[in-house]
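Residue numbers begin at 1 in each chain, while the letters A, B, ... track the order of the sequences.
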Protein chains: 2
Amino acid sequence: MKNRLKVLRAERNWTQADLALALDVSRQTINAIETGKFDPSLPLAFKAARVFQLRIEDIFDDEEGA
Amino acid sequence: MKNRLKVLRAERNWTQADLALALDVSRQTINAIETGKFDPSLPLAFKAARVFQLRIEDIFDDEEGA
DNA sequence: ACACAAAGTCAAGTAAGCTTTACTTTGTGT
DNA sequence: ACACAAAGTAAAGCTTACTTGACTTTGTGT
């Protein structure tokens with residue numbers, strides 16, 4: 001699952017730590033998601049959508065894998 | 001996290017087992033999600049959105065709980 | 001009343017998301 | 001070259017998503 005978190009952060013000049021704070025998760029969690037270690041939970045995806053004022057589908061890309 | 005799976009199934013006359021098959025999860029997983037035992041993963045939410053041709057936000061409702 | 005399909009539920013196990021702590025790497029400014 | 005901030009990574013532990021198997025409950029048709 002790809003995502004645009006890095007870009008969205010860059011647009012706002014946010015660090016991974018800043019985003020972690022906004023989403024109420026650890027910095028490592030943001031890093032792991034950005035680097036593709038695992039997918040966020042659905043609740044976390046909703047939070048991200050709220051923070052960036054975008055739809056989940058506009059942040060995360062399913063790319064139909066298995 | 002609330003969801004409209006039961007209604008969407010009803011519209012199509014699908015059983016929980018039918019939906020489970022379509023989403024490639026167990027029947028118990030569908031039941032647990034419908035009855036609020038736990039939230040689906042993001043990939044599963046994407047699959048549901050694809051199957052029903054809706055946006056994730058139109059199927060699942062975050063309802064801002066902590 | 002009986003049979004059957006669908007839904008609900010429980011237990012035990014595996015896998016994935018997330019935490020904390022701690023360390024290394026990369027990039028930038030001075 | 002040095003210092004510092006940001007990013008990356010890793011291990012161990014906890015929680016949540018999901019599995020299989022088995023059983024109970026509910027609803028419908030006959």
Query raised in the report: Distance from I56(A) atom CD1 to L44(A) atom CG, nearest 0.5 Å?
Result: 10.0 Å
Query raised in the report: Looking at residues at least two apart in the chain, or sitting in another chain, which of them share a side-chain hydrogen bond (donor to acceptor under 3.5 Å, both in side chains) with N31(A)?
Result: Q16(A)
Query raised in the report: In B/S/- notation, 5' to 3', how is nucleotides 17-30 of chain D contacted by protein heavy atoms closer than 4.0 Å?
Result: SBBBBB--------
Query raised in the report: Does D18(A) have any salt bridge (Lys or Arg N to Asp or Glu O under 4.0 Å) partners at least two apart in sequence or in another chain, and if so, which?
Result: none
**Report entry** Within 6.0 Å of CD in E11(A), more than 12 heavy atoms from elsewhere
**Finding:** yes
Query raised in the report: Step by step, would you call M1(B) with D62(B) a side chain to side chain contact (heavy atoms under 4.5 Å, CB included)?
Result: CA-CA 5 Å; M1(B) 173 108 54; D62(B) 198 23; 4.1 Å; yes
Report summary line: When rounded to whole Å, the CG to C1' distance for the pair L5(B) and dA6(C) reads 16 Å
**Report entry** Below 4.0 Å: OP1/OP2 of dA7(C) and any side-chain N or O of N31(B)
**Finding:** no
Query raised in the report: Quick one: side chain to side chain contact (heavy atoms under 4.5 Å, CB included) partners of R12(A), sequence neighbours excluded?
Result: L8(A), W14(A), F52(A)
Report task. Using atom CZ of R9(B) as one end and atom P of dA5(C) as the other, report the distance to the nearest whole Å. Result -> 17 Å
Report task. May I have the distance from Q16(B) (atom CD) to dT9(C) (atom P), rounded to whole angstrom? Result -> 10 Å
Report summary line: L21(A) CG to dA5(D) C1', in whole Å, measures 17 Å
Query raised in the report: What pattern of brackets, bars and dots sums up DNA chain D from 5' to 3', given Watson-Crick or G-U wobble pairs under 3.5 Å, [ ] for crossing pairs and | for another strand?
Result: ||||||||||||||||||||||||||||||
Query raised in the report: Nearest-Å distance, CD (E34(A)) to P (dT9(D))?
Result: 12 Å
Requested in this report: Name all pairs fulfilling the ring pair (Phe, Tyr, Trp, His ring centres under 6.0 Å) condition that reach into residues 22-51 of chain B, sequence neighbours left out, sorted by first residue then second.
Outcome: none
Report task. Could you note down all residue pairs passing salt bridge (Lys or Arg N to Asp or Glu O under 4.0 Å) where residues 26-40 of chain A supplies at least one of them, sequence neighbours left out? Result -> R9(A)-E34(A)
**Report entry** K6(A) NZ - dA6(D) P separation (whole Å)
**Finding:** 15 Å
